[in-house]
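Here's the structure we're looking at; comments come further down.
Given the structure is predicted, the values throughout are model-derived calculations rather than measurements. Any value given below was found using the heavy atoms of this structure, including those in side chains, with hydrogens, waters and symmetry copies removed. Chain A is the first sequence line, chain B the second, and so forth, proteins listed ahead of strands; every chain is numbered from 1.
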Protein chains: 2
Amino acid sequence: MDKKRPRTRIQMKNTAAIMEAALDIFSQHGFRGATLDLIAKSSGLSKPNLLYYFPSKEAIHIELLSGLMETWIAPLRALDPQGDPITELMSYVDRKLQMSQDYPRESRLFANEIVQGAPRMFISISEDLKALVDEKSAILQTWSDDGKIAKVNPRHLLFSIWALTQHYADFDVQIRAILDGHEEDPFEEARHFVHTAFLRIITP
Amino acid sequence: MDKKRPRTRIQMKNTAAIMEAALDIFSQHGFRGATLDLIAKSSGLSKPNLLYYFPSKEAIHIELLSGLMETWIAPLRALDPQGDPITELMSYVDRKLQMSQDYPRESRLFANEIVQGAPRMFISISEDLKALVDEKSAILQTWSDDGKIAKVNPRHLLFSIWALTQHYADFDVQIRAILDGHEEDPFEEARHFVHTAFLRIITP
DNA sequence: TCGCATTTTGACCAATTGGTCAGAAACACG
DNA sequence: CGTGTTTCTGACCAATTGGTCAAAATGCGA
């Protein structure tokens, strides 16, 4: 498989199955904890067949990360400089929390990777993501300077949005254990809390 | 080594060296990614000698986690129901952030474990930690009811404090990569941001 | 210094795991 | 059908890794 993109129907189906299985296994066990046997079983293929489509375990992981990166940062990319500052920021917060709810595996995949020093995605963070953050921070800075939002450090504001929203995906077990007997679905109350919290933070 | 606590001077020295090395290795690579050889080399002992002091890799990990758990939740335990609500909460926030700065390895150790479903510490979370959170949440609730702090869900408030402060330790690489060229020490600005953020959230 | 207990180690083992390979099976198509 | 290509597999391999063990080295009190 040295072709860049899947061509035949079989290739499409199998690479998709591998990516799905890999997301499951890698997000649950981390890179080192995941085994080719686990991914093979989960995808319904044999181990040698896995390696027919991808040259190595690391190649699967890299392909997975780079394929998901764009989706993951899409909400920030969508932040509109022309829109109303408060509305734009709050809907960014909402969408980020929604992503934690809808794609917890993706969140954990990145969390696993970054907590361990991002050995396999440092480049895309320090280049692609940094460039995007630089761009959007400038916008937040103008909004802040113009008194449209409170005077806060734009980068740390973004960190806090990531931290709070992704926490609900990454630390899901802990949250559910602690909320046990109090709330059925953490995300219901989370949505309300996160909304009011950030509204207070960014309102001038 | 079936003795509960180290007795001789040699035992004290070596178990301490093992714990220190284990913290280093486990927090950096996660449980599966850490190897006995790595821990052995880092502690200056031979692998069989490691296993003279601890029966297994898992035993080292468990001992490490349970030994650190109490230190980790100490700041919350110190929250004083008699003190001034705003002051108490803000100093809890400050101490939590300080711990992220002073003990990032401990933070990452727990993060690694919880992100992967806390397979080796679910009990202490769902029992010890839950009990503590239940107790402190009740205090926050009275403060909230009495109008001493804003009306917020106490448990989610705690989650947000954990999320934001620990984010600076757990996602350290990402933060430094993004801040590169803008801030030398992330924690300086972090302290200011986190402080004002939570002040806004909890002020009635 | 003697003698016993503690500590340390080299050699070794079995299981796991990422990866290879030759050939079989399935498929596409003239 | 026949044939060339794609897909798939069982058998196998070498490296890693958690753990064992008998024996050697060391520590230490009397």
Side-chain angles (χ1 to χ4, degrees), chain A residues 1-65 112-113 116 119-120, chain B residues 1-65 112-113 116 119-120:
Chain A
M1 271 310 84
D2 26 274
K3 287 95 179 175
K4 287 287 140 84
R5 293 279 122 204
R7 338 212 131 253
T8 76
R9 241 166 291 166
I10 293 181
Q11 276 171 38
M12 295 250 288
K13 199 192 70 176
N14 283 347
T15 50
I18 293 171
M19 284 296 111
E20 170 68 19
L23 174 58
D24 238 47
I25 304 298
F26 279 131
S27 68
Q28 203 173 120
H29 304 276
F31 180 77
R32 199 59 162 41
T35 69
L36 287 180
D37 286 294
L38 275 174
I39 299 174
K41 200 200 288 182
S42 170
S43 65
L45 301 179
S46 68
K47 189 169 61 167
N49 206 12
L50 265 195
L51 294 161
Y52 170 69
Y53 289 101
F54 291 90
S56 69
K57 176 183 173 182
E58 182 141 22
I60 299 177
H61 195 251
I62 290 175
E63 174 73 16
L64 187 63
L65 284 174
N112 261 310
E113 188 67 7
Q116 296 187 11
R120 281 164 287 270
Chain B
M1 270 308 83
D2 26 83
K3 287 95 178 174
K4 286 289 140 84
R5 293 280 120 204
R7 338 211 132 253
T8 76
R9 242 166 291 168
I10 293 181
Q11 276 170 39
M12 295 248 289
K13 199 193 67 176
N14 283 346
T15 50
I18 293 171
M19 284 296 111
E20 170 67 19
L23 174 57
D24 238 47
I25 304 299
F26 280 131
S27 69
Q28 203 174 120
H29 304 274
F31 181 77
R32 198 62 161 39
T35 70
L36 287 180
D37 287 293
L38 276 174
I39 299 174
K41 199 199 291 178
S42 170
S43 65
L45 301 179
S46 66
K47 189 169 62 166
N49 207 10
L50 265 195
L51 294 161
Y52 169 71
Y53 289 101
F54 291 91
S56 69
K57 177 183 173 182
E58 182 140 22
I60 299 177
H61 195 251
I62 290 175
E63 175 74 17
L64 187 63
L65 285 174
N112 259 311
E113 187 67 7
Q116 295 186 13
R120 280 165 289 270

Exercise for the section: Would you verify whether the NZ or CZ of A:Lys57 falls within 45 degrees of the ring axis of A:Phe31 while also being under 6.0 Å from that six-membered ring's centre? Expected result: yes
Rounded off to whole Å, could you give me the [atom1]-to-[atom2] distance for the [X] and [N] pair?
X: A:Leu45; N: D:dT6; atom1: CG; atom2: P; answer: 18 Å
X: B:Leu36; N: D:dA15; atom1: CG; atom2: P; answer: 21 Å
X: A:Leu38; N: C:dT17; atom1: CG; atom2: P; answer: 7 Å
X: B:Lys57; N: C:dT16; atom1: NZ; atom2: C1'; answer: 12 Å
X: B:Asn14; N: D:dG27; atom1: CG; atom2: P; answer: 12 Å
X: A:Glu58; N: C:dG18; atom1: CD; atom2: P; answer: 12 Å
X: A:Phe54; N: C:dG18; atom1: CZ; atom2: P; answer: 16 Å
X: A:Lys41; N: C:dT17; atom1: NZ; atom2: P; answer: 11 Å

Handout entry: Atom of B:Tyr53, atom of B:Ile18 and distance for their closest heavy-atom approach
Key =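 In this case the closest contact between B:Tyr53 and B:Ile18 is CB-CD1, 3.8 Å.
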Completion exercise
Heavy-atom closest pair (A:Leu50 atom, A:Ala40 atom, distance to 0.1 Å) is CD1-N, 3.8 Å
Practice task
Give a yes or no answer on whether the side chain of B:Glu20 reaches the backbone of B:Ser43 with a donor-acceptor pair at less than 3.5 Å.
Solution key: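 Not a single qualifying donor-acceptor pair exists.
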Completion exercise
Assert: residue with more 5' nearest nucleotide on DNA chain C, out of A:Thr35 and A:Leu51, is A:Thr35
Handout entry: Earlier contact from the 5' end, DNA chain C, for B:Ile10 and B:Lys47
Key = B:Ile10
Tell me which nucleotide among [options] gets nearest to the side chain of [X].
X: B:Asn49; options: D:dT6, C:dT9, D:dG18; value: C:dT9
X: B:Ser46; options: C:dT9, C:dT16, C:dG18; value: C:dT9
X: B:Gln11; options: C:dG18, C:dT7, D:dG19; value: C:dT7
X: B:Pro48; options: C:dT7, C:dG19, C:dA11; value: C:dA11

Looking at [N], I'd like to know if its phosphate oxygens (OP1 or OP2) sit under 4.0 Å from a side-chain N or O belonging to [X].
X: A:Thr8; N: C:dC27; result: no
X: A:Tyr52; N: D:dC8; result: no
X: B:Arg32; N: D:dT16; result: no

Practice task
Measure the shortest side-chain to side-chain distance between A:Arg32 and B:His29 over non-hydrogen atoms and say whether it is less than 4.5 angstrom.
Solution key: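 No, too far: nothing below the 4.5 Å cut-off.
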Completion exercise
Contacts of B:Ala34 and A:Gly44 projected onto DNA chain D by closest heavy atom; the upstream (5') one is A:Gly44
